[in-house]
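Heads up, the thing below is written out as structure tokens.
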Amino acid sequence: MLRVNLGGEGESPGVINQQGPWALDPAWRSSREGKTLRELRADGHRFIIAVNTQLPFASNAVDEVITNNVPIDRVTFLGPGVQ
């Protein structure tokens, strides 16, 4: 089962967490624990770096999408929310 957490920071076990390119900035920290992307990966969390409107998965490949705290149908300073 392929599960993706849009805007995920490791709070949901067993998923691929999506973050935008901003997470590659060494100054980026997760809002929950204040950890860097490198620290979250070292803890065993998996990530895909892509904007949430251009995920690199084939159609119908994702079984579940988690959208905790992701804006719906609006644009923020981080880009578009879930469409």
Side-chain angles (χ1 to χ4, degrees):
M1 175 183 273
L2 181 58
R3 299 170 62 215
V4 176
N5 186 3
L6 298 181
E9 297 180 348
E11 66 274 18
S12 299
V15 304
I16 296 174
N17 297 281
Q18 173 271 334
Q19 280 291 329
W22 50 82
L24 297 173
D25 184 324
W28 180 86
R29 298 286 186 273
S30 64
S31 60
R32 276 189 45 209
E33 298 180 12
K35 292 185 175 182
T36 65
L37 182 63
R38 180 178 293 225
E39 290 170 324
L40 290 167
R41 285 181 170 160
D43 289 345
H45 301 292
R46 298 175 5 200
F47 285 85
I48 186 77
I49 304 300
V51 295
N52 64 24
T53 57
Q54 298 173 352
L55 297 176
F57 301 109
S59 293
N60 299 317
V62 176
D63 298 300
E64 181 180 356
V65 176
I66 301 166
T67 59
N68 297 337
N69 299 316
V70 175
I72 305 295
D73 288 331
R74 56 179 238 192
V75 176
T76 72
F77 69 97
L78 295 174
V82 179
Q83 304 295 310

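These values consider heavy atoms only, across backbone and side chains, with no hydrogens, waters or symmetry-generated copies.
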Exercise for the section: Please check if the side chain of Gln18 supplies one atom and the backbone of Ile48 the other of a donor-acceptor pair under 3.5 Å. Expected result: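 Judged by distance alone, no pair lies under 3.5 Å.
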
Problem - Arg38 (side chain) donor-acceptor with Lys35 (main chain) under 3.5 angstrom - result: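 The answer is no, because no donor-acceptor pair under 3.5 Å joins these two groups.
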
Min side-chain heavy-atom separation [X]-[Y] under 4.5 Å:
| X | Y | value |
| --- | --- | --- |
| Phe47 | Ile16 | no |
| Ile66 | Leu6 | no |
| Leu37 | Ser30 | no |

Do you know which two heavy atoms are closest between [X] and [Y], and how far apart they sit?
| X | Y | result |
| --- | --- | --- |
| Trp22 | Trp28 | O-CB, 3.5 Å |
| Ala23 | Ile49 | CB-CD1, 4.3 Å |
| Glu9 | Leu40 | O-CD2, 3.5 Å |
| Gly10 | Asn17 | N-OD1, 3.2 Å |
| Val51 | Pro21 | CG1-CD, 4.2 Å |

Exercise for the section: Calculate, to the nearest 0.5 Å, the distance between atoms OG1 and CG belonging to Thr36 and Asp25 respectively. Expected result: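 CG of Asp25 is found 11.0 Å from OG1 of Thr36.
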
Problem - Separation of Glu33 CD from Glu39 CD (nearest 0.5 Å) - result: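 The CD atom of Glu39 sits 9.5 Å away from the CD atom of Glu33.
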
Handout entry: Arg32, CZ: over 12 other non-hydrogen atoms inside 6.0 angstrom
Key =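 Atom CZ in Arg32 is crowded, with more than 12 foreign heavy atoms closer than 6.0 Å.
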
Practice task
Would you please test Glu11 and Asn5 for side chain to side chain donor-acceptor pair (under 3.5 Å) and show each step?
Solution key: CA-CA 9 Å; Glu11 66 274 18; Asn5 186 3; 3.0 Å; yes

Problem - For Asp63, all residues meeting salt bridge (charged side-chain N to carboxylate O under 4.0 Å, His left out), sequence neighbours excluded - result: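 Not a single residue meets the salt bridge (charged side-chain N to carboxylate O under 4.0 Å, His left out) criterion with Asp63.
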
Handout entry: Residues which pass salt bridge (charged side-chain N to carboxylate O under 4.0 Å, His left out) with Glu64, listed by chain and number, not counting sequence neighbours
Key =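 So Glu64 forms a salt bridge (charged side-chain N to carboxylate O under 4.0 Å, His left out) with Arg3.
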
